[in-house]
Each structure stands twice: as C-alpha cells, then as structure tokens.
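By convention here, the first residue in the shown sequence is residue 1.
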Amino acid sequence: MTGDRLDGRPVIVGAGIAGLAAALFLAPEPVVLVTRALLGADGSSPLAQGGIAASVGADDDDALHLADTLAAGDGLCDAEAARRILSAGPDAIAALERLGVRFDRDAAGGLLLGLEAAHSRRRIVHADGDGTGRELVRALSEAARACPSITLVQGEARRILMRDGAVCGLLVATAEGAQVLATRRVVLATGGVGALYEHTTNPAASWGVGIALAAEAGAELADLEFVQFHPTALATPARPLPLISEAVRGEGALIVDGSGRRILEGVPGQELAPRDVVARAVWREVVAGREVFLDARASLGARFSARFPQVAAGCRAAGIDPATDLVPIRPAAHYHMGGIAVDAHGRSTLPGLWAAGECAATGLHGANRLASNSLLEAVVCGREVANDIAGRPVGRAIVPAPSALPPAADAAPARAIVSRLVGVTRDAEGLTMALQRLLPLAEGATPATAPARVGLMMAAAALARTESRGAHARTDFPQTAPVARRSRITFAEARAAAGRVRVRVPDLAFA
C-alpha cells in the first residue's frame with residue numbers, strides 16, 4: 001500500500017499545464033507526478049484554444065496588460081499578484097519555447113498576436129491557430145517523459161493525509177489498489193469545476209477535485225462564487241461542449257439572433273465586451289427561447305478553417321460549415337476564478353500544501369477572468385511553486401494509518417442542482433434551495449459526497465455575496481457594492497451556513 005521508493009519527494013497532482021510546469025521547473029529535484037491518464041490524454045489544458053496573453057508586442061507593455069486585467073476583474077483582482085504574474089509573461093513565453101513549444105510566427109519570424117475580448121492590444125500568443133493548449137501539453141509532456149527526475153504515478157488522488165496540522169502524505173487509487181505517498185510537500189494542479197454544470201467546455205473529471213481534497217483537509221478557499229461562463233460554446237448535444245474561441249470574435253465574427261439582429265448592438269465593446277457581459281446577453285436570449293448564433297461568414301468566410309482548425313473541426317462534426325453557415329451558440333461553464341486560497345508562492349493555509357493553475361485562487365482574475373490570462377498564470381505560478389518548494393528541508397513524513405479508500409466520485413447528483421440553481425444568474429431563493437439539497441449529499445462517504453461539497457461551498461459563497469460583480473450576477477441584488485471584498489470560506493463554514501439557511505442568509509467571512 002505504500003510507495004517507499006518515492007517517499008519524501010514532492011508530489012504534484014495533475015498533469016495539465018500548471019502541473020507539468022511545476023514538475024519541469026523543479027528539475028533536477030526528484031518529483032512524483034500523479035496523473036489520471038497518460039500524459040496529454042486528459043484534462044482541460046489540451047482544450048484551450050485562444051492562447052497565452054503576454055505583453056510582447058511593440059505597442060504593448062506590462063502596465064497596459066495590468067490595466068486590462070484589473071478592468072475585467074471588476075475591482076476584485078489582487079493588484080500586486082496581477083502585476084507579479086503578468087510581468088513574467090514575456091519570460092514565460094521564452095521558457096516555453098525552450099521546452100519545445102512551437103508558437104505561430106509570421107514570415108519574418110515574429111510572434112503572431114491575436115486579439116480577444118477586453119484586451120486593448122493584440123497580445124494573444126498562439127500555436128497551431130486555435131490549438132495552443134494542445135501544443136503546450138504536447139511539448140511539456142514530451143519534456144516530462146524525457147526528464148529523469150519526474151516519476152509518473154497513474155491514478156486518482158483521493159485524500160490528503162494530515163498529521164499535527166500539516167501535510168504528511170497522499171492517498172492515491174491506482175489500478176493495483178491504494179497507494180500511500182509519504183510526503184510533506186503536495187501540489188494540487190487539478191483544474192476547475194466546470195463538470196458541476198450540465199453545459200460546460202470542461203471534461204467530466206473537472207468537477208473540483210483539488211478543491212474537494214483541500215477542503216476536506218481543512219484548507220481555506222477563496223472566491224468560489226465566481227464561475228466564468230464562456231458566451232460562445234457550440235450548442236450541440238456533445239459533452240463537453242466544443243468551445244468557439246473568443247479569438248473568432250477578435251477576427252470580426254458577430255453574435256446574432258435568427259433574424260440577423262446583433263444582440264450586442266449598443267453594448268460598450270459589443271462582441272469584444274468582457275465575457276460576463278457577453279455571456280449574460282446570450283443567456284437572456286436562451287432563457288427567452290430564442291436561438292443565438294455566431295456569424296463569421298463575412299469576417300472570415302473561407303479563411304475560417306485555416307485560422308481556427310480546431311473550431312472548424314468541431315463545427316463540421318455537428319454538420320455546420322462556419323464559412324457559409326450561422327453557428328449556434330450558448331453560454332457554458334468554462335473557468336473558475338475561485339479555488340484554494342494561496343499566497344504569492346502558491347502556499348495554501350495548510351503547511352505542506354501548494355496549489356497552482358485553475359484550482360488555485362491567486363487573485364489574478366478577480367471577479368471575471370481576462371481571456372487567455374489563465375495559461376499564463378498556469379506557467380508562471382507553476383514555476384513560482386517549484387521555486388518555493390525546491391531545496392526545502394524535507395524531514396521525515398510520518399504517515400498515519402489511512403482509513404478506507406474513498407469511493408470514486410460521481411458528480412451527477414450535484415450537477416443537477418448546481419446547474420439549475422448556481423448558474424449564469426442567481427438569487428437567494430435558488431441558492432438557499434441549492435444548499436438544502438446539497439447538504440445531505442455532502443455528508444457521509446458516497447460517490448456523490450466530494451462533488452456535492454464543492455457545490456455546497458460555491459452556493460454558500462454565492463449566497464453570502466449580496467451584490468452583482470463580474471461573473472457573479474444576483475437578480476435580487478443587481479447593483480455592485482461600493483467596496484470590493486474577496487470571500488473566504490472553509491467546508492466547515494459552508495456546512496454550518498447550510499444548516500442555517502432556513503433561518504437567515506449566512507454571514508460568512510469576507511476579507
């Protein structure tokens with residue numbers, strides 16, 4: 001049941017861009033990388049289309065990138081964290097190229113830069129057109145396989161083991177059974193929560209596993225109420241929903257109804273307004289029973305497939321030719337701005353636990369992520385975590401006898417509740433109902449427990465935020481509060497709040 005050969009090494013859970021970056025930047029220090037599937041074969045990272053936002057253009061700089069990020073974040077960004085992460089953008093692009101990433105370049109050898117919503121400059125560095133995530137995962141996976149200091153363990157992390165208030169190990173379910181990795185250094189890089197929603201661009205495993213692991217161990221979570229819905233997912237029966245990159249609108253595509261009316265006419269920024277604004281505009285049409293389309297016929301036409309091969313392939317699979325047809329769209333859960341509360345080094349509130357990538361709440365994104373900042377955050381923060389862990393005195397991890405292996409998760413029961421009641425728009429009645437229905441699922445130890453706990457904390461944080469800000473839209477509190485405050489919550493607080501909802505709205509801690 002134990003992995004003595006690997007004991008003491010840092011353990012990274014998740015082999016997306018953040019996890020791979022952390023493992024590679026830790027080299028040559030030996031590290032264990034726990035992955036659900038073969039490298040490059042799973043997760044959200046390969047699905048990322050738009051690219052990496054970095055101020056590498058001649059007309060761009062860190063200050064402009066920061067200003068755009070703070071504006072999109074609707075007053076909730078941690079400005080110092082944003083400045084630190086964004087200023088590392090050009091160096092991150094160079095580091096990725098050294099690791100084998102092939103970015104798109106023009107005939108003169110310069111980086112091709114795209115434009116996305118709420119960016120004031122062309123600063124989206126991309127690869128293979130709209131295949132940036134796939135190319136990054138390919139290159140980093142190949143580098144990881146070739147790196148002698150990285151040991152792969154294929155399996156699912158089921159529990160963080162604690163002793164005297166600090167991390168001492170990780171319980172992993174593998175094909176051979178339970179395996180205990182004794183370690184005092186665990187990094188969670190497990191992605192987001194999109195699979196808690198029926199309509200999502202995320203794979204089925206992205207239901208918040210890292211948040212659940214950290215919450216069970218007692219870590220503090222931040223900003224869980226902020227879920228970004230991408231406004232232009234391809235409206236098909238496929239799951240996950242194919243994403244239509246924001247860069248398509250950056251190239252001039254329009255959002256229209258069945259009659260050809262632009263639904264964003266008169267909205268500041270129009271099709272390139274912040275994602276929360278566009279998503280709610282599309283959602284209003286969907287709720288009203290009207291179809292919404294992306295029209296790229298005039299702006300891209302026959303050039304569509306060459307510029308966006310991944311999007312074009314998804315359209316063709318649905319019987320749509322975006323060069324000549326309107327493309328049906330709908331909002332879909334896409335990115336979680338909240339997650340495990342971390343500091344500038346990626347440290348959580350639990351000694352020995354770090355987090356990076358989408359499962360971490362660094363403060364970069366605020367209430368509404370600026371497009372393509374997430375891949376940059378994954379690379380930069382993966383490196384920051386590696387730098388913080390490297391060379392730390394290890395000490396001996398004394399692992400308590402683990403309890404029974406928790407069951408594999410089933411997100412379906414929680415998904416039915418979260419999708420309906422914690423969606424694009426929320427209100428107190430729906431959020432209260434969500435807490436009441438999620439609490440019984442979150443107790444005990446069934447396959448539904450861990451996903452329900454994540455949903456419970458999200459609903460509790462959303463109920464406590466009695467304002468509308470960024471991606472968090474309350475129909476009963478449509479105004480934005482005069483003071484922006486980030487939220488903090490633990491699972492114990494969410495459970496207590498759920499027990500009080502019949503009496504009053506919970507008064508959770510804000511900082």
Do Gln154 and Thr174 have a side chain donor and acceptor closer than 3.5 Å? no
Do side-chain atoms of Ser487 reach the backbone of Ala222 as a donor and acceptor pair under 3.5 angstrom? no
Exam field: side chain Arg495 to backbone Met457, donor-acceptor pair closer than 3.5 Å: no
Side-chain donor-acceptor pair present, Asn368, Asp276, cut-off under 3.5 Å: yes
If the threshold is 4.0 Å, N to carboxylate O, is there a salt bridge linking Arg369 and Glu377? no
Does Arg261 offer a backbone N or O that forms a donor-acceptor pair with the side chain of Asp257 under 3.5 Å? yes
So that I can tick it off, tell me whether Arg415 and Glu198 are bridged by a salt bridge, with the cut-off set at under 4.0 angstrom between side-chain N and carboxylate O. no
Ignoring hydrogens and geometry, is there a side-chain-to-backbone donor-acceptor pair from Arg275 to Pro231 under 3.5 Å? no
May I have the step-by-step check of side-chain contact (heavy atoms from CB on, under 4.5 Å) for Ile17 and Leu140, ending in yes or no? CA-CA 7 Å; Ile17 291 169; Leu140 298 185; 4.2 Å; yes
Asp325 side chain to Val327 backbone, donor-acceptor under 3.5 Å: no
Heavy-atom check, side chain of Arg453 versus side chain of Ile211, under 4.5 Å: no
Identify the heavy atoms of Ala434 and Leu421 that sit nearest to each other, and give their distance. N-CD1, 3.6 Å
Heavy-atom side-chain contact between Ser305 and Arg316 under 4.5 Å: yes
Heavy-atom donor-acceptor pair, Ser45 side chain to Gly16 backbone, under 3.5 Å: no
Under the salt bridge (Lys or Arg N to Asp or Glu O under 4.0 Å) rule, what do Arg262 and Glu271 come out as? Steps first, then yes or no, please. CA-CA 9 Å; Arg262 290 178 65 183; Glu271 276 75 12; 2.6 Å; yes
Under a 3.5 Å cutoff, is there a donor and acceptor pairing between the side chains of His336 and Asp223? no
With the side chain counted from C-beta on, respond yes when Ile52 and Ser372 share a heavy-atom pair under 4.5 Å apart, and no when they do not. no
Should the pair Glu156-Arg158 be classified as a salt bridge under the 4.0 Å nitrogen-to-oxygen rule? yes
Tyr197 side chain vs Val422 backbone, donor-acceptor pair below 3.5 Å: yes
For the atom pair CG (Leu33) and OG1 (Thr35), what is the distance rounded to the nearest 0.5 Å? 6.0 Å
Using the side-chain contact (heavy atoms from CB on, under 4.5 Å) rule, take Cys381 and Ile85 through it: C-alpha gap first, then chi angles, then the decisive distance, then the call. CA-CA 7 Å; Cys381 294; Ile85 295 167; 3.7 Å; yes
From Phe226 atom CZ to Asp74 atom CG, the distance as rounded to the nearest 0.5 Å: 8.0 Å
Counting only N and O atoms by type, is there a donor-acceptor contact under 3.5 Å from the side chain of Arg488 to the main-chain atoms of Leu221? no
Main-chain N/O of Val342 paired to Ser348 side chain as donor or acceptor, under 3.5 Å: no
Taking atom CZ of Arg469 and atom OG1 of Thr480, what is their separation to the nearest 0.5 Å? 5.5 Å
Under a 4.5 Å cut-off applied to non-hydrogen side-chain atoms, are Trp283 and Thr425 in contact? yes
Decide yes or no for Thr446 and Pro407: does some side-chain heavy atom of the first lie under 4.5 Å from some side-chain heavy atom of the second? no
In terms of side-chain heavy atoms, does Thr201 have a donor or acceptor partner in His334 at a distance below 3.5 Å? yes
Quick one: closest heavy-atom pair of Pro413 and Asp410, and the distance? CD-O, 3.5 Å
side-chain contact (heavy atoms from CB on, under 4.5 Å), that's the test. Do Val227 and Met458 meet it? Break it down for me. CA-CA 9 Å; Val227 178; Met458 290 166 58; 3.7 Å; yes
Of all heavy-atom pairs between Ala253 and Ala296, which one has the smallest distance, and what is that distance? CB-CB, 3.9 Å
Minimum heavy-atom separation for Ala219 to Leu353, with atom names? CB-CD2, 4.4 Å
Do Val11 and Val187 come within less than 4.5 Å of each other through their side chains, counting heavy atoms only? no
One pair to check against salt bridge (Lys or Arg N to Asp or Glu O under 4.0 Å): Asp68 and Arg123. What are the steps and the verdict? CA-CA 11 Å; Asp68 291 345; Arg123 65 167 66 99; 2.8 Å; yes
Between Phe229 and Tyr335, does the ring centroid distance fall short of 6.0 Å? no
Glu467 and Arg474: CA distance, side-chain angles, deciding distance, side-chain contact (heavy atoms from CB on, under 4.5 Å) verdict: CA-CA 6 Å; Glu467 64 164 345; Arg474 289 281 297 262; over 6 Å; no
Could you grab the distance from atom CG of Asp78 to atom CG of Leu70, nearest 0.5 Å is fine? 9.5 Å
If you look at every heavy atom in Pro331 and Val286, which pair is closest and at what distance? CD-CG2, 4.2 Å
Which atom pair, heavy atoms only, marks the closest approach of Pro268 to Ala273? O-CB, 3.4 Å
We want to know whether Arg134 and Gln310 form a side-chain donor-acceptor pair, criterion being a heavy-atom distance below 3.5 angstrom. yes
Mind checking the CG-CG spacing from Leu171 to Leu161? Nearest 0.5 Å is all I need. 5.5 Å
Does the plane of the ring in His119 sit parallel, tilted or perpendicular to the ring in His65? Use 30° and 60° as the thresholds. tilted
Do Ser374 and Glu358 make a side-chain contact, defined as non-hydrogen atoms from C-beta onward lying under 4.5 Å apart? no
Look up atom CG in Leu456 and atom CG in Leu439, then write down how far apart they are to the nearest 0.5 Å. 6.0 Å
Kindly check if the number of other-residue, nucleotide or ligand heavy atoms within 6.0 Å of CD (Glu429) is above 12? no
Okay, side chain of Thr349, backbone of Glu220: is any donor-acceptor separation there less than 3.5 Å? yes
Check this for me: Arg239, atom CZ, are more than 12 non-hydrogen atoms of other residues, nucleotides or ligands nearer than 6.0 Å? yes
Val379 vs Leu96 side-chain heavy atoms within contact, under 4.5 Å: yes
